[in-house]
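What's counted below: heavy atoms across the whole structure, side chains too, no hydrogens, waters or symmetry copies. Counting starts at 1 for both ligands and their atoms, following the listed order. Quick caveat: nothing in here was measured; it's all calculated off a predicted structure.
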Amino acid sequence: MSKMITKRTVCSRDCPDACSILVDVKDGVAQAMRGDPEDPVTRGFLCERTSRFLTRQNAADRFLSPMLRVDGELQPIGWDEALDLAANKLLEAKEKYGPASILSFRSGGSLGMLTRLTSHLLSLFGPVTMKSGDICSGAGEAAQVADMGISESHDFFDTLNSKLVVLWGKDVHTSSVHLLPVLKEVQARGGRLVGLDVRATKLKSLCDTFSLVSPGGDLFLALGLARHLFDTDQVAADAANFCDDFEAYKNLVHQFDAPGWAAQADVDVAFLRELGDALIAEAPVSFQIGWGLARRKLGATTVRAIDALSAISGNLGVKGGGASFFYGRSSPFDTKFGFDIPIPPRRLPESLLGQEILAAKDPGIHVVWITAANPVSMLPDSHVVREALASRDFVVAVETHPTDTTDVADLVLPTLTLLEDDDIMGAFGNHFLRASTPVVDAPENVWHELKIVQGMADRLGLGEMFRGSVLLWKEKVTESIRGAGLTLEELGERACKNPFAEDILFAGQKFPTKTGRFQLLTEIPACDSEDNEFPLRLLATSSPKAQSSQWSVDPKGLVDRVRIHPAAAGELRDGDRARLESSRGTMEVTISLDANQHPQVVAMPKGGMFRQGACPNSLVRAVTTDAGGGAAYYDEPVRLVRLGH
Ligand SMILES: Nc1nc2c(c(=O)[nH]1)N[C@H]1C(S)=C(S)[C@@H](COP(=O)(O)OP(=O)(O)OC[C@H]3O[C@@H](n4cnc5c(=O)[nH]c(N)nc54)[C@H](O)[C@@H]3O)O[C@H]1N2
Ligand SMILES: Nc1nc2c(c(=O)[nH]1)N[C@H]1C(S)=C(S)[C@@H](COP(=O)(O)OP(=O)(O)OC[C@H]3O[C@@H](n4cnc5c(=O)[nH]c(N)nc54)[C@H](O)[C@@H]3O)O[C@H]1N2
Ligand code: SF4
Ligand SMILES: [Mo]
C-alpha cells in the first residue's frame with residue numbers, strides 16, 4: 001500500500017471561479033477533494049457540486065473507450081478504427097458537399113484553453129460551419145462592449161473598496177460561491193448589500209436590503225433609478241462629458257416618472273427612491289450583474305440600462321465602483337496558438353441551432369463534431385435540436401459521460417475529467433490565471449483532447465501543424481503572459497493575477513469605445529407582449545447540485561420539481577403532480593409552493609435531460625436576445641395544469 005499524497009489542480013468547469021483544488025490520492029485513486037487555502041479566491045472551500053465530484057469521476061457509466069453506434073446501440077471500438085472512421089466521414093463530406101457541410105460545436109464542458117484546438121483543427125481543415133452568438137453570456141457581453149468598448153469587470157477584490165454592492169439577479173450561493181467571503185467582508189467593513197431577484201434565494205438573508213422584481217422588470221427599475229437621480233439632481237456633474245447621447249438617454253429616462261417605472265418593475269417606489277439615493281450617498285457602488293439577467297428577449301438592453309445607471313451615478317472608473325458582468329477569461333491568452341485561422345464560410349446562431357441545422361442548404365449540414373457540450377439538453381427547443389442531430393449523416397461527440405447528445409451521436413470519443421486534465425484556465429469571475437495538471441491518470445483508453453486532435457490531424461493531412469506535447473501547447477497559449485513575466489511553473493503552482501488587468505478599470509472615465517466616451521442607451525427595442533393562455537414564466541436556473549446537465553447527486557425528484565407562488569397556484573397544493581405546458585411542449589412536474597418568489601415565476605433547476613424524464617428546454621422556444629446572439633431562456637410563457645389525484 002502506498003501513502004496518501006496530496007496533489008493540486010484547477011477546476012475546469014463552466015463556473016466563474018476556476019478554483020484551485022487539492023486532491024488526496026492513494027494508489028492512483030482520488031480519495032478526497034477540497035479547496036486550496038492558498039488560492040485567494042478559492043480560500044480552502046469548493047462548491048457543493050464539485051465537492052461531490054468523485055461520484056461522477058467514479059460513475060459506472062463513464063465512457064472508457066470510443067463507442068460506435070451499431071444497430072442503434074453504442075458499442076466499444078478501438079481508437080484507430082474510431083479516428084479512421086471519423087476522418088473518412090469528414091473527408092467524404094468535404095469532398096462531396098464542401099467543408100461548410102461540417103459543423104463544429106463546442107460549449108463549456110471544460111473551460112480549458114486547449115479544448116479550442118478542436119475548433120482550430122476543423123477550421124484549418126475546412127473552414128467549416130461554426131456557431132455565432134453565445135447562449136450563456138452573449139447578450140450581456142454585447143451590451144457591455146456597446147457601452148464601454150470591452151466586456152470586462154473591475155477587480156474581484158476591488159469590491160472590498162465598495163460601500164454598496166448591488167447583487168442584481170445574481171444567485172451567489174449557487175453560481176458564484178467564492179464571491180460570498182468578499183461580500184461578507186464588505187459588510188464587516190461597514191458596507192451594505194442590496195439584492196434584486198425574481199426569487200428570494202438565500203441572498204435575501206445575506207443582503208441588508210432585498211426586493212423582488214418582476215421577471216424582466218430590471219430594465220424599468222434601472223431606468224426608474226436614473227429618473228430619480230435626474231429628478232433629485234444627483235446625476236454625476238460631468239456625465240454629459242464622459243458619455244455620448246446624454247440628451248437622448250435623458251429623454252428615454254423621462255418617458256415615465258419614478259412611480260411609473262417602479263410599477264412596471266413591480267417594486268415599491270419608496271424602495272426605488274431609497275436605492276437611488278444610496279447609489280450616490282453610499283458610493284462607490286459595485287453593480288454585480290448576474291449572467292441570467294441577460295437571458296431574456298431584452299437581456300442586452302437590460303444590461304445596458306444597468307451600465308448606464310452605473311455611469312451616470314459616477315460609479316465607473318473609480319476605485320470600488322463598477323458594472324461587473326464578465327471577466328475577459330481568455331483575453332490574456334494566445335488563443336489562436338499562432339495559427340492563421342480562416343473565417344468560417346457560415347455561422348449558425350447557437351440560440352436557434354436545431355432549426356438552423358434543419359434549414360441549412362447549399363450545402364446542408366452532414367457531419368457535426370461536438371465537444372464539451374450537451375446541446376440536446378441545454379439549448380432551447382430541445383426536441384428540435386435532438387431531431388436535427390439525429391437526422392445528420394454522422395455526429396461525433398467528445399464526452400466523458402452519457403448525455404441526451406451522446407444518445408443521438410454516431411461516435412463517442414472518451415476524454416478526460418477535470419481531475420485528469422492538463423490545461424490552462426482563465427476565469428470569468430476573477431482575474432486569476434491558473435494551470436491544471438493531472439492528479440490521477442486517465443483510464444487506459446481515455447484521451448486528452450489534444451491527443452484526439454493530433455490523431456485526427458494526422459488523418460486529415462494536418463499532422464505537422466498539431467505535433468508536440470501538452471506542455472508545448474500550454475506554452476504556446478501562454479506566450480504573451482510569459483512575455484509579461486509569468487512562467488508556466490508559477491501558473492501550475494498557484495493562481496497568478498492576469499498581468500494585463502488594470503488596477504482601476506476605465507480610470508478617469510476613459511472608455512475603449514470609438515469616441516473614448518461611455519455609450520448611453522437611447523431606446524428600448526420593440527418587444528412582443530406574450531400570450532395570456534400562458535400567464536407564468538419558466539425559470540430553469542443553476543442548481544447547487546449540478547453543473548448544467550452534470551449532476552453530482554441522483555437527479556431523480558430534483559429535475560421535475562417546480563416552485564410556484566401560492567397566489568399563482570390555484571388549486572395546486574404542495575406535492576401535487578401537474579402538467580407544465582408551453583406552446584412547445586409539456587412535462588409532468590411535482591409542485592412545491594414558495595411564497596418567496598414573484599407570482600409570475602415557475603422556478604426549477606436547469607440541466608434536466610430527456611434521459612431523466614425531464615428536460616425543461618423541450619418547453620423553451622428558440623428565441624434570440626436583442627443583441628449578442630443569446631437565448632431568451634427565461635422568457636418562456638407557461639401554465640400549470642393539475643393532474644388527477
Ligand atoms: N433552461 C435553461 N437552459 C440553459 C441555461 C439556463 O439557465 N436555463 N443555461 C445555459 C448556460 S449559461 C450554459 S453555459 C449552457 C451549458 O450547456 P453545456 O455546456 O452544453 O452544458 P453541460 O451540461 O455542462 O455540458 C457539457 C458536457 O461536457 C462534458 N465534459 C466535461 N468535461 C469535459 C472535457 O474536459 N472535455 C469535453 N470534451 N467534454 C467534457 C460533460 O460531461 C457535459 O456533458 O446551458 C444553457 N442552458
Ligand atoms: N451550481 C451551479 N453553478 C453554476 C452553474 C450551474 O449549473 N450550477 N452554471 C454556471 C454557468 S454556465 C453560468 S453562465 C453561471 C450562471 O450564473 P447566474 O446567471 O448568476 O445564475 P443563474 O442560476 O442563471 O441565476 C441568476 C439569478 O437571476 C435571477 N433572475 C432570473 N431572471 C431575473 C430577472 O428578470 N430579474 C432579476 N432581478 N433576477 C432574475 C434568478 O432567479 C437567479 O437567482 O453560473 C455558473 N455556476
Ligand atoms: S465548479 Fe466553480 S466553485 Fe465549484 S470547484 Fe469548480 S470552480 Fe470552484
Ligand atoms: Mo453559462
Side-chain angles (χ1 to χ4, degrees), residues 10-21 33 35 41-42 45-51 53 56 106-110 112 115 118 134-137 168-172 174-178 195-199 201 203 211-219 221 289-296 302 370-380 397-403 405-406 413 415-418 420-421 423 425 427-429 449 452 537-550 597-598 601 603-609 616-617 619-620 631 633-636:
V10 175
C11 181
S12 64
R13 305 190 108 172
D14 193 352
C15 170
D17 299 348
C19 290
S20 301
I21 305 180
M33 299 167 61
V41 176
T42 307
F45 73 97
L46 301 179
C47 62
E48 183 180 345
R49 63 196 186 287
T50 301
S51 304
F53 185 74
R56 196 168 163 84
R106 182 168 53 80
S107 182
S110 159
T115 59
T118 298
D134 187 281
I135 48 94
C136 169
S137 56
W168 207 320
K170 207 164 167 87
D171 187 357
V172 187
T174 302
S175 313
S176 27
V177 290
H178 292 91
L196 303 164
D197 205 295
V198 294
R199 305 176 301 139
T201 58
L203 192 65
S211 174
L212 286 177
V213 183
S214 64
D218 313 83
L219 170 57
L221 176 57
I289 308 168
W291 302 279
L293 263 191
R295 293 188 203 117
R296 294 191 174 279
T302 303
I370 298 168
T371 187
N374 178 11
V376 172
S377 318
M378 298 315 295
L379 292 186
V398 181
E399 247 301 346
T400 56
H401 293 76
T403 65
T405 302
T406 62
L413 301 177
T415 196
L416 310 182
T417 66
L418 64 92
E420 299 150 2
D421 213 357
D423 211 326
M425 236 70 63
F428 69 86
E449 189 123 356
I452 300 176
R537 294 290 174 269
L538 178 61
L539 187 72
T541 54
S542 298
S543 158
K545 297 188 186 331
Q547 172 64 50
S548 296
S549 66
Q550 308 170 58
Q597 62 182 43
H598 193 277
V601 166
M604 66 186 299
K606 73 176 181 185
M609 295 199 248
N617 282 327
L619 271 65
V620 176
Y633 286 107
Y634 300 167
D635 273 333
E636 188 59 41

> For the residue pair Gly112 and Thr115, what are the closest heavy atoms and their distance?
Replying inline: O-OG1, 2.8 Å
> Are Leu418 and Ile21 close enough that some pair of their side-chain heavy atoms sits under 4.5 Å apart?
Replying inline: yes
> Closest heavy-atom contact between Leu379 and Ile135?
Replying inline: CD2-CG1, 3.9 Å
> Hey, what do you get for CG (Asp197) to CG (Leu293), rounding to the nearest 0.5 Å?
Replying inline: 8.0 Å
>> Checking side chain to side chain donor-acceptor pair (under 3.5 Å) between Thr371 and each of Arg106, Glu399, Glu449, which is the one that passes?
In response: Glu449
> Is any side-chain heavy atom of Ser542 less than 4.5 Å from a side-chain heavy atom of Lys606?
Replying inline: yes
> Do you know the tightest heavy-atom contact between Gly195 and Leu203?
Replying inline: CA-CD2, 4.2 Å
> Between Asp421 and Ser12, is any side-chain donor less than 3.5 angstrom from a side-chain acceptor?
Replying inline: no
>> So is Cys47 touching ligand 2 or not, going by heavy atoms under 4.0 Å?
In response: no
>> I'd like to check whether Gly216 has a polar contact with ligand 2, where a contact means an N/O of the residue lying under 3.5 Å from an N/O of the ligand.
In response: yes
> Any idea which heavy atoms bring Tyr634 and Arg296 closest together, and the distance?
Replying inline: O-NH1, 2.9 Å
> For ligand 2, which atoms sit closer than 4.0 Å to a heavy atom of Leu196?
Replying inline: 38 (N)
>> I need the protein N, O or S atoms closer than 2.8 Å to atom 8 (Fe) of ligand 3, given as residue plus atom name.
In response: Cys19 SG
>> If we count only N and O atoms by modelled type, under 3.5 Å, do the side chains of Thr50 and Arg13 hold a donor and an acceptor together?
In response: yes
> Which atoms from ligand 2 have a heavy atom of Ser543 less than 4.0 Å away?
Replying inline: 1 (N), 2 (C), 8 (N)
> Which of the atoms of ligand 2 are close to Asp218, meaning less than 4.0 Å from one of its heavy atoms?
Replying inline: 34 (C), 35 (O), 36 (N), 37 (C), 38 (N)
> When rounded to the nearest 0.5 angstrom, what is the spacing between CG in Leu539 and CG in Asp635?
Replying inline: 10.0 Å
Table of N or O contacts for ligand 1, cutoff 3.5 Å:
residue  : atom   : partner : partner atom : Å
ligand 1 : 1 (N)  : Asn617  : OD1          : 2.7
ligand 1 : 3 (N)  : Asn617  : OD1          : 3.4
ligand 1 : 3 (N)  : Asn617  : ND2          : 3.1
ligand 1 : 7 (O)  : Ala540  : O            : 3.2
ligand 1 : 7 (O)  : Tyr634  : OH           : 2.9
ligand 1 : 8 (N)  : Ala540  : O            : 2.8
ligand 1 : 9 (N)  : Lys606  : NZ           : 3.4
ligand 1 : 19 (O) : Ser107  : OG           : 2.6
ligand 1 : 19 (O) : Gly108  : N            : 3.2
ligand 1 : 20 (O) : Asn374  : N            : 2.8
ligand 1 : 23 (O) : Ser549  : N            : 2.9
ligand 1 : 23 (O) : Ser549  : OG           : 2.4
ligand 1 : 24 (O) : Gln550  : NE2          : 2.8
ligand 1 : 32 (N) : Gly109  : O            : 3.2
ligand 1 : 35 (O) : Leu416  : O            : 3.3
ligand 1 : 38 (N) : Thr371  : OG1          : 2.9
ligand 1 : 38 (N) : Ala372  : N            : 3.0
ligand 1 : 38 (N) : Val398  : O            : 3.2
ligand 1 : 38 (N) : Glu449  : OE1          : 3.3
ligand 1 : 42 (O) : Arg56   : NH2          : 2.9
ligand 1 : 42 (O) : Glu399  : OE1          : 2.8
ligand 1 : 42 (O) : Glu399  : OE2          : 3.4
ligand 1 : 42 (O) : Thr400  : OG1          : 3.0
ligand 1 : 44 (O) : Glu399  : OE2          : 2.4
ligand 1 : 47 (N) : Met378  : O            : 2.8
ligand 1 : 47 (N) : Tyr633  : OH           : 3.2

> Do you know which two heavy atoms are closest between Arg56 and His401, and how far apart they sit?
Replying inline: O-NE2, 2.8 Å
> Using heavy atoms and a threshold below 4.0 Å, how should the contact between Arg49 and ligand 2 be classified: side chain, backbone, both, or neither?
Replying inline: side chain
> Between Val41 and His178, what is the shortest heavy-atom contact and its length?
Replying inline: O-CD2, 3.3 Å
>> For Arg296, state whether at least one heavy atom is located under 4.0 Å from any atom of ligand 2.
In response: yes
> Taking N or O atoms only and a 3.5 Å limit, does Pro215 qualify as a polar contact for ligand 2?
Replying inline: no
